J.: 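To start, I am sharing the structure in question, which I have written as structure tokens.
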Amino acid sequence: MSEITRYSLTEIKTLLEKKSLTSEEIVSAYQTAYENDNNADIPLNGYIEFFKDARTRASAEDIKRKNNTHGRLSGLPIAVKDNILITGKKATCGSKILEGFSAPYTATVIRRLEKEGAVFLGRTNMDEFAMGSSCEYSQYGPTRNPVNREYVPGGSSGGSAAVVGAFQAPAALGSDTGGSVRLPASFCGLYGLKPGYGTLSRYGLVAYGSSLDQIGIVAHNPADIALLLSVCAGIDSKDSTSRDFSYSDMFPLTPGNLKGLKVALPVQLNGEGNSDSVRKTAAGFIDWLKQQGADVSEISIPNLSYTVAIYYIIAPAEASSNLARYDGIEYGLRNDNGNLLDMYINTRSEGFGSEVKRRIFIGNYVLSSGYYDAYYKKAQAVRSLLTHEFDNIFTDYDIVLSPTSPTPPFKLGEKLDDPVTMYLQDICTIYANLVGIPAISIPAGMSNDNLPIGMQLAGRQGNENLLLSIAQSWKNRGGAA
Amino acid sequence: MKYDVIIGCEVHVQLSTKSKAFCTCRNVFGGEPNSRVCPVCLGLPGSLPVPNKEHIRSAIKAGRALGCSIAPLTKFDRKNYMYPDLPKAYQISQYDMPICNNGMLTVFTQEGTRDIRILRIHMEEDTGKNIHADDGSHESYVDYNRSGTPLLEIVSEPDMRSPAEAAAFVMSIHEIMQYLEISDCNMEEGSLRCDANINLWVYEEEKKYATPIVEIKNMNSFKAIQAALEYEVQRQADEWQNHRLTREAAGKSTRGWNEASGKTILQRTKEEEADYRYFPEPDLKPLSISADLIQSIEKTIGELPKEKRERFMHQLGLSETDTIVLTTEKAFADYFEQILTHYPNPKKTANWLLGEVKKYLNAGNISISDFRTTPAHIAELLLLQESGKISGKMAKDVFIKMAATGKAAQEIVSAEGLSQISDRGELEKIVIEVIAANPGSADDYRNGKLQAIKFLMGQVMKASKGKANPQEAEKLLSEKLSS
Ligand SMILES: [Zn+2]
């Protein structure tokens with residue numbers, strides 16, 4: 001494996017600035033890493049497609065740098081989840097129904113990265129339409145965990161985390177609707193940020209649960225995430241739910257001073273439900289926080305017990321509506337034997353996988369007349385309560401802490417037949433999406449089987465900077481890991 | 001059989017905003033299929049709607065003009081159903097928190113006046129259009145140019161008691177919308193569409209029975225509204241007599257008006273009605289509407305048809321018939337009033353507009369807004385006629401030339417030497433010559449054969465090449481013959 005691929009995004013930035021390396025050399029190294037791995041016995045399968053034009057784009061950036069017309073991210077390589085649109089590139093969301101669909105426009109986040117000279121390496125694998133926690137529900141086969149290939153990388157942005165973990169990209173964009181960036185980051189031993197709702201424009205991110213979806217970033221260190229966030233964030237006239245907030249001063253990232261930091265530890269997410277190794281890792285992380293002068297207190301947030309239930313009403317409801325457009329009329333797969341209704345039925349039966357179908361059924365059920373009040377309306381009411389509770393918590397605390405996942409990574413196929421157990425995988429992460437606050441997963445330790453374990457910090461809306469600076473302090477800590 | 005007719009209307013008004021409801025595509029009618037589209041109105045994956053301020057302002061304007069209260073907090077909802085012309089498979093609409101509530105519109109028919117309550121007005125987006133090939137290929141196509149066009153849906157209470165009232169209600173909405181200048185209100189292009197819910201209350205032996213409610217669709221003109229509802233009244237009365245089905249027993253069905261056969265045709269029964277699974281649109285935040293915004297929009301409402309009519313009749317002294325014709329189209333009424341600023345004679349102006357001008361516009365199927373002749377030019381023409389510079393007949397000829405060329409009246413009169421001879425000295429010369437050249441007729445007149453003056457007048461006109469002012473010339477002739 002080439003040493004070049006071991007550099008972090010910020011290190012690459014420095015090397016390019018010093019002209020010690022060219023972007024073309026760097027991108028070639030990643031391409032070689034990807035190609036070699038693809039020929040291995042058990043390929044990672046993190047990329048659905050490695051872009052053939054990535055090297056040409058990199059050379060173009062090298063020329064710009066020579067001419068001093070380059071942007072802030074000139075020549076920096078980034079992998080992109082297969083549900084974020086780049087004009088002219090395919091975007092399938094890991095689904096057969098979008099087979100052959102080429103994006104006719106570019107997502108706002110991509111446009112901002114492109115403007116600053118970022119080079120996109122390829123499209124990363126994902127659970128179909130971002131529905132899943134293991135990256136096994138993909139039309140393109142499962143992605144494997146780079147730490148141990150018998151294990152899942154977590155989902156749904158499993159491909160994004162896996163390619164970063166396997167040094168096939170220095171950083172990647174994912175999307176996070178209930179934990180889909182943080183869980184894979186945790187399973188692959190990486191940093192993964194889900195910004196607050198509205199921090200990154202959703203324009204060009206294929207919708208799953210519109211009120212929960214947020215583009216997120218996976219990388220080897222918090223500074224890399226800060227760099228990308230500072231370029232991508234901010235209000236977008238094409239997304240009326242995006243927020244006006246300046247992140248321009250976020251990079252370079254300074255490690256946080258943790259003295260006096262008020263940390264809340266909700267008992268609902270830090271108890272018996274977590275596996276031993278996770279609890280041990282959590283205890284170690286809490287000790288470190290205390291050593292740094294943070295003030296850690298246990299609190300109880302009773303409504304946290306309902307988040308999985310609420311999520312599996314609201315997300316499928318929105319998904320059932322968002323995915324109704326895949327009907328074979330305008331784009332994507334079409335199976336048009338018979339009349340219009342036949343075409344709808346054939347196309348959607350053939351195009352969607354079983355987990356997507358399951359969620360469409362749930363969504364249509366909870367929205368149907370007669371059930372709306374009992375499910376969707378009640379779920380939204382609890383969501384409002386929860387949001388209100390977190391407003392109160394953040395008047396007393398700066399950070400809410402829990403593990404990212406109650407267990408370390410599990411093996412491929414282990415939970416495929418048990419959707420409810422799979423759903424419970426997101427028990428610690430979902431609340432941040434329901435409430436709309438930023439949350440980060442930090443690699444905090446290893447299990448007895450030598451698998452990564454992550455801790456999750458959530459903060460106030462607009463406080464991504466605090467989360468990243470605490471993470472940077474952790475990264476910079478002396479000694480282990 | 002004794003019964004009351006119960007009708008409620010839903011009127012869809014396409015707004016003439018600059019851009020579409022949730023994207024920046026130009027909002028105009030027609031165009032090469034799929035030429036006015038973008039990721040948003042095509043419903044492409046990842047696209048997001050952005051609300052249009054002009055859509056919201058138009059809704060508030062319409063609401064205030066119809067006496068509605070404006071909700072301080074309103075939101076958009078998704079109405080879910082699959083159809084090829086609906087690219088997202090949901091329509092962004094408003095469900096339980098419409099922007100306008102509880103208005104009132106008074107309509108006038110031959111039966112009298114009636115107050116029709118407006119239940120609500122809400123904002124939504126239009127669909128595309130399915131096009132079915134007529135070449136025998138059975139292929140269907142979709143044109144998304146119309147997709148995302150901003151609409152208002154105005155929903156009345158079931159307060160109309162006859163098809164004529166329903167037609168009058170829709171006509172009145174049509175008129176108000178064009179007075180507000182928020183819609184082209186072109187029914188042929190579908191910019192104003194109406195569905196109606198109709199049933200009967202049948203009275204038998206002291207008891208009241210409601211017949212099943214039927215929603216009638218596809219009524220594309222005021223005439224169609226009246227005809228379809230008249231047909232439906234008769235059909236429901238017959239059905240009652242044959243089957244005695246009540247609303248409770250049968251529920252609601254949907255029927256389409258078929259212009260060619262003059263019948264309504266069953267489209268859907270209650271069981272086939274879709275469950276739209278409405279829920280709040282997560283891509284759009286709820287909207288807060290301030291009292292200041294409402295006030296600033298109210299100031300732009302201007303005079304409504306009813307107020308204008310009262311002013312035309314009571315202040316300008318016009319007849320009811322003339323007033324109605326002048327005010328049906330706001331642009332026409334505006335044109336009329338612009339003439340009055342130069343030529344303040346309402347009756348003469350009205351006669352001209354409703355006579356010559358209307359005749360010309362109708363013959364060429366020209367709308368007043370496309371008419372080349374300006375109000376100032378018409379005023380000038382009327383002044384030329386009133387001052388005697390041209391005759392009534394000349395004025396009509398000059399008008400035709402004005403309308404064809406867009407030139408001013410004076411310009412045509414001068415260029416063609418058309419002006420009338422009213423100058424006494426010049427006329428006197430001609431009259432004296434004519435009397436001298438026709439002594440026989442002059443004698444006849446003097447001897448009491450008064451109609452001889454007609455012949456002499458003819459000679460005057462001939463000698464003046466038709467330019468002599470006839471009134472002045474005749475006065476001079478009789479003066480000279482009597483002296
Ligand atoms: Zn558009």
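Source: prediction; values computed, not measured. Atoms considered below: every heavy atom in the structure, side chains included; atoms not considered: hydrogens, waters and symmetry mates. Proteins come first, then strands; the chains are lettered A, B, ... in the order of their sequence lines, and each starts at number 1.
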J.: Side chains of B/Pro84 and A/Tyr344: closer than 4.5 Å at any heavy-atom pair?
T.: yes
J.: State which residue, out of A/Ile329, A/Asp327, A/Leu340, fulfils the side chain to side chain contact (heavy atoms under 4.5 Å, CB included) condition with B/Tyr83.
T.: A/Leu340
J.: Any heavy-atom pair between the side chains of A/Ser240 and B/Leu48 that's under 4.5 Å?
T.: no
J.: At a heavy-atom separation under 4.5 Å, does A/Ser242 approach chain B through its side chain, its backbone, both, or neither?
T.: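 Only the backbone of A/Ser242 comes within 4.5 Å of chain B.
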J.: For atom OH of A/Tyr371, is the number of surrounding heavy atoms from other residues, nucleotides or ligands below 6.0 Å larger than 12?
T.: no
J.: For residues A/Gln380 and B/Phe279, determine if any side-chain heavy atom of one lies less than 4.5 Å from a side-chain heavy atom of the other.
T.: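 Not in contact.
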J.: Can you tell which part of A/Leu205 gets under 4.5 Å to a heavy atom of chain B, answering side chain, backbone, both or neither?
T.: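 For A/Leu205, backbone heavy atoms alone lie under 4.5 Å from chain B.
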J.: Does any heavy atom of chain B fall under 4.5 Å from the side chain of A/Glu330, the backbone, both, or neither of them?
T.: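 The answer is the side chain of A/Glu330.
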J.: Please look at A/Ala317 and chain B and tell me whether the side chain, the backbone, both or neither of the residue comes under 4.5 angstrom of a heavy atom of that chain.
T.: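 Backbone of A/Ala317 only, per the 4.5 Å heavy-atom cut-off to chain B.
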J.: Quick one: do the B/Asp275 and A/Ser368 side chains pair a donor with an acceptor below 3.5 Å?
T.: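 Not at all, the side chains of B/Asp275 and A/Ser368 share no donor-acceptor pair under 3.5 Å.
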J.: Using heavy-atom distances under 4.5 Å, tell me whether A/Ser201 contacts chain B through its side chain, its backbone, both, or neither.
T.: neither
J.: How about B/Lys75: does its NZ atom have over 12 heavy atoms from other parts shown lying under 6.0 Å from it?
T.: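 Result for NZ/B/Lys75: enclosed.
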J.: Write down the atom of B/Gly43, the atom of A/Tyr331, and the distance for their closest heavy-atom approach.
T.: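 Taking B/Gly43 first and A/Tyr331 second, the nearest heavy atoms are O-OH, 3.4 Å.
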J.: So with a 6.0 Å cut-off around NZ of A/Lys357, is the heavy-atom count from everything else above 12?
T.: yes
J.: Select, from A/Leu367, A/Asn83, A/Val206, the one with the greatest count of heavy-atom pairs under 4.5 Å involving chain B.
T.: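 Of the options given, most contacts go to A/Leu367.
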J.: Could you look at B/Pro49 and say if it's the side chain, the backbone, both or neither that has a heavy atom under 4.5 Å from chain A?
T.: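 Backbone only.
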J.: Would you say that B/Arg277 contacts A/Tyr372 through its side chain, given a criterion of any heavy-atom pair below 4.5 Å between the two side chains?
T.: no
J.: Side chain, backbone, both or neither: which part of A/Asp213 has a non-hydrogen atom closer than 4.5 Å to chain B?
T.: neither
J.: Got B/Pro45 and A/Tyr326 here, is their nearest side-chain heavy-atom distance under 4.5 Å?
T.: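 In short, these two side chains touch, coming nearer than 4.5 Å.
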J.: What part of A/Tyr208 is in contact with chain B, defined as an atom under 4.5 angstrom from a non-hydrogen atom: side chain, backbone, both or neither?
T.: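 The answer is neither part of A/Tyr208.
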J.: What heavy-atom pair brings A/Ala324 and B/Met82 nearest, and what distance separates the two atoms?
T.: O-CE, 3.7 Å
J.: Looking at every heavy atom in both B/Ala89 and A/Arg325, which two are closest together, and how far apart are they?
T.: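 For B/Ala89 and A/Arg325, the tightest heavy-atom pair comes out as CB-N, 3.9 Å.
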J.: At a heavy-atom separation under 4.5 Å, does A/Asn322 approach chain B through its side chain, its backbone, both, or neither?
T.: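 Backbone plus side chain of A/Asn322, per the 4.5 Å heavy-atom cut-off to chain B.
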J.: Can you tell me if OH on A/Tyr375 sees more than 12 non-hydrogen neighbours from other groups inside 6.0 Å?
T.: no
J.: When rounded to the nearest 0.5 angstrom, what distance separates CD in B/Glu281 from OG in A/Ser210?
T.: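 So the gap between those two atoms works out to 7.0 Å.
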J.: Looking at NE2 of B/His138 and CG of A/Asn339, how far apart are the two atoms once the value is rounded to the nearest 0.5 Å?
T.: 13.0 Å
J.: What option among B/Leu284, B/Thr24, B/Leu44, B/Asn80 has the most heavy-atom pairs under 4.5 Å with chain A?
T.: B/Leu44
J.: For B/Pro280 and A/Tyr376, which heavy atoms make the closest approach, and how far apart are they?
T.: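 The answer is CD-CE2, 3.9 Å.
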J.: Heavy-atom pairs under 4.5 Å with chain A are the metric here; pick the option from B/Asp283, B/Leu86, B/Val50 that has the most.
T.: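 Max contact count across the listed options: B/Asp283.
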J.: Which one, A/Ser211, A/Gly332, A/Gly204, A/Gly370, leads in non-hydrogen pairs under 4.5 Å with chain B?
T.: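 The answer is A/Gly204.
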J.: How about B/Pro39 and A/Lys238: do any of their side-chain heavy atoms sit closer than 4.5 Å?
T.: no
J.: Which residue out of A/Glu318, A/Arg202, A/Lys377 racks up the most heavy-atom pairs below 4.5 Å with chain B?
T.: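 Heavy-atom pair counts peak at A/Arg202.
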J.: Could you tell me whether B/Arg26 atom CZ has more than 12 heavy atoms of other residues or ligands within 6.0 Å of it?
T.: no
J.: Evaluate whether atom OH of B/Tyr95 has more than 12 neighbouring non-hydrogen atoms of other residues, nucleotides or ligands under 6.0 angstrom away.
T.: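 No, the 6.0 Å shell around OH holds no more than 12 heavy atoms from other groups.
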